[in-house]
Amino acid sequence: MQRSGAEIVVRCLQEEGVEFVFGYPGGAVLEIYDAIFKQSHFKHVLVRHEQAAVHAADGYSRSSHKVGVALVTSGPGATNAVTGIATAYMDSIPMVVLSGQVSTPAIGLDAFQEVDMVGITRPCVKHNFLVKDVKDLAVTIKKAFYIAQSGRPGPVVVDIPKDVTQQLTEFDYPAEMAIRSYVPVKRGHPGQIRKAVALLKEARRPLVYIGGGAVQGNAENEVRALVDGLGLPCTNTLMGLGAYPGSGDKCLGMLGMHGTYEANMAMQYCDVLIAVGARFDDRVISIPSHFLSQPKKIIHIDVDPSSIAKRVKVDVPIVGDAKHVLHDMLDLIGQSGARPAPDGLAGWWQQIDKWRSYNSLLYKPSDELIKPQFVVQQLHKVTGGDAFVTSDVGQHQMWAAQYYGFNEPRRWINSGGLGTMGFGLPAAMGVQLANPGATVACITGEASIQMNIQELSTCKQYHIPVKIVTLNNRYLGMVRQWQEFFYGNRYSESYMDALPDFVKLAEAYGHVGMRIERPADVEPALREAFAQKERLVFMDFITDQSENVFPMVQNGKGLDQMDLPAHMSDIQQAPLENNRDYGNMC
Amino acid sequence: MRHILSILLENEAGALSRVVGLFSARAYNIDSLTVATTEDSTLSRMTIVTHGSDDVVEQITKQLNKLIEVVKVIDLNESEHIEREMMLIKVRATGKDREEMKRMADIFRGRIIDVTEKTYTIELTGTSDKLNAFIEAIDRAVILETVRTGASGIGRGERVLKI
Ligand SMILES: Cc1ncc(C[n+]2csc(CCOP(=O)(O)OP(=O)(O)O)c2C)c(N)n1
């Protein structure tokens, strides 16, 4: 039976088991929308801006490990989607974005709403396609889903001209997909795994450094078995939070620019580092030369060979899926009984406990002003530490990462790589739809929330009861912090004047709004909000404007040269010319 | 250091722009690039001459391999290889230059493939260094136009880059 391209698109999505398509219609995709109207296999969620469609598909994917799907029209619909696509690309999120395109005869003629989507998105997708013939449509969509979720995951764009959606052909969806030029590696090389285990055995100051690859690769059980089985200290990156439980005593917390003192010191002074799905990026290790100035051996497990030896040369590269590689490593450890010498490890833990005892996340509580950190801690308490938490970008994001204490993977949903303000609310919609009945909070700032606030309307339409926790400091807080540190307190354009009344705004959209101005009201307000399971509640917490995020590794400094909170001011930091002598660190 | 990379890739629309886009996006250098289909019309063979530290070239190779349409990449520098580039060079050939140009073309084993009263067009094949040497050897003032293909490379001996 002959079917139109539009029907084929819908059938392909059905074959892939897609539950939700986040999208927005327009001329080039009207045929597809008509086919959507006639089907009942998946639900279409009408967002209010295409960027939000992509973020929602992203949040859906991050919290469910399924492929997110977004559908946008040509031209402005497609360009609006680009920020969302780049966000997903930087964090390796499996996603298929279908974009409409002008009809094939019109391509290249500057037609109405024509934009070279394949060209525009090329640098921020895992792959993209322009479908020029309806006969290629089904196989292209199959390829898109296959590429998006295999190897190092990522977004794939399929650009579909309008005439292709109208032409007829037989529908035949391939059951399997193989691409000769694309064969992702799963298992690690056994020889490399042996070398890694041998190195681990020699370690006296080992550290496991867990990144987003452990979350995206579903390697949490293996990570936990390694850390707990050998009693190793570990640290999670911003993207790796929850892969190892934040509350576990082996966990030193997050590392990097706003990492804990103990995590950053351990990272600098370890002698054997096992990196699992992490990429030594600038916000984590700062300057590679300083990081390597303390001699250490590095084992690097990553599914993407180009992540290995990109910023830091490593001793044992292992290309493979984190789950499989760790599984094989654990097998070998089990058989051989290899483990680091107990005396070395004990001494290392002593040192770490000393670092830990300073409590680098301590902040000064207040009875008058709401401390943003306090709100996050109370949120943890009220939600039992078990909520899905999305965030935007800025200070609130860092406080959420530092203070919520994620114990499970895929609970912490944030734009780590691209740092996209406006991500939080639409991502939360996707999370809530993927996890009906779950508690979903969006920790945001009064600036970030306004970048996609129109999605309050989508939440109303689809009864998405997320809870918005705005840490309202009346500043572009993170910008203000940098201006305070590096630009002599010249707060150039970092102040948000003329803020809306968020309570009224939430009410105007049909939701519940709350303004909280006193510390004593924080917990009761959260309880009241989370008790309203069926409602979206917008909580506007008026917070201390002057609070900064600590610790902080400034650009150009090393991990052991942090700016520390006031109570740690007398701690000796490594001098800029790094002191290579480990002896006095212990 | 100069590296010569050989790339086998799917002969698909857009594959070339992905390769070129990768170089510009990551600030890698392209000194020359040649591409054409192979005996198998579904595959193209590309030769890229680039320069950079070993670390950078390792990253270039990895990033190229990451492109979905790239089947294989080898760095020809890593073993014995042959490279050839072709140049078409139009020179002024009047007066005493006419004899001199003929003589230089012979010395460099070039061929004169087009002749007018005032010009010769010389075809020259060899390593890029040889073509550079020719340009150095003749008087700059007689050069009217140069067209170079960029280097193509292939491994020596029985080693082959195939699917
Ligand atoms: C789309 C976008 N534009 C600009 C930035 C730069 N930026 C990073 S944090 C920040 C301030 C965010 O302010 P707010 O949302 O109020 O959060 P706060 O830092 O105050 O917690 C800005 C402007 C960004 N990350 N994303």
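By convention in this document, chain letters (A, B, ...) are assigned in the order of the sequence lines, proteins followed by strands, and residues within each chain are numbered from 1. Reckoned from all heavy atoms, side chains included, excluding hydrogens, waters and symmetry mates.
Along residues 115-124 of chain A, the residues that come nearer than 4.5 angstrom to chain B, judged on non-hydrogen atoms, are A:Arg122 in order of number. Residues of residues 81-93 of chain B never come closer than 4.5 Å to chain A when only heavy atoms are counted. Contacts between residues 96-108 of chain A and chain B, defined by a heavy-atom separation under 4.5 Å, are made by no residue at all.
Under 4.0 Å is where a charged nitrogen must lie from a carboxylate oxygen, and between A:Asp136 and A:Lys132 no such pair does.
Between B:Thr149 and B:Thr34 the shortest heavy-atom distance is O-CG2, 2.9 Å. Of all the heavy atoms in A:Gln216 and A:Pro94, the pair that sits closest is OE1-CD, 3.7 Å. Pairing each heavy atom of A:Pro317 with each of A:Asp315, the nearest pair is CD-O, 3.5 Å.
A side-chain donor-acceptor contact under 3.5 Å links B:Arg148 and B:Asn132. Side-chain contact, B:Asp55 with B:Ser53: no donor N or O sits under 3.5 Å from an acceptor N or O. Side chains of A:Glu16 and A:Tyr173: a donor-acceptor N/O pair is present below 3.5 angstrom, by distance only. No hydrogens or angles considered: a donor-acceptor pair under 3.5 Å links the side chains of A:Lys126 and A:Tyr182.
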Set out, in order, the CA-CA distance, both residues' side-chain angles and the distance that settles side-chain contact (heavy atoms from CB on, under 4.5 Å) for B:Val70 and B:Arg18, then state yes or no. CA-CA 10 Å; B:Val70 167; B:Arg18 267 181 235 284; over 6 Å; no
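Annotation: B:Lys66, atom NZ; neighbour count of heavy atoms from other residues, nucleotides and ligands within 6.0 Å is above 12. Environment of NZ in A:Lys135: sparse, with no more than 12 heavy atoms of neighbouring residues, nucleotides or ligands closer than 6.0 Å.
Interface remark: A:Asn128 contributes backbone and side-chain atoms alike to the contact with chain B (heavy atom separation under 4.5 Å). Contacts of B:Glu10 with chain A are made by side-chain atoms alone, with heavy-atom separations under 4.5 Å and no backbone atom involved. Residue B:Leu9 does not touch chain A at all, counting heavy-atom pairs closer than 4.5 Å. Interface remark: A:Leu130 contributes no atoms to any contact with chain B (heavy atom separation under 4.5 Å).
In summary, of the residues considered (B:Val73, B:Leu64, B:Ile7), a side-chain contact (heavy atoms from CB on, under 4.5 Å) with B:Met46 occurs for B:Ile7 alone.
If you tally non-hydrogen atom pairs under 4.5 Å between each of A:Arg152, A:Arg180, A:Lys313 and chain B, the highest count goes to A:Arg180. For the set B:Ile163, B:Thr61, B:Asn65, B:Val56, the entry with the most heavy-atom pairs within less than 4.5 Å of chain A is B:Ile163.
Both the sub-6.0 Å distance and the 45° axial angle are satisfied by A:Lys296 relative to the ring of A:Phe291.
Contacts of B:His51 classified as side chain to side chain contact (heavy atoms under 4.5 Å, CB included), with partners at least two apart in sequence or in another chain: B:Asn29, B:Asp31.
Taking the side chain as every heavy atom from C-beta outward, B:Gln63 and B:Ile60 never approach each other to under 4.5 Å. For the pair A:Ile298 and A:Phe280, the minimum side-chain heavy-atom distance is below 4.5 Å.
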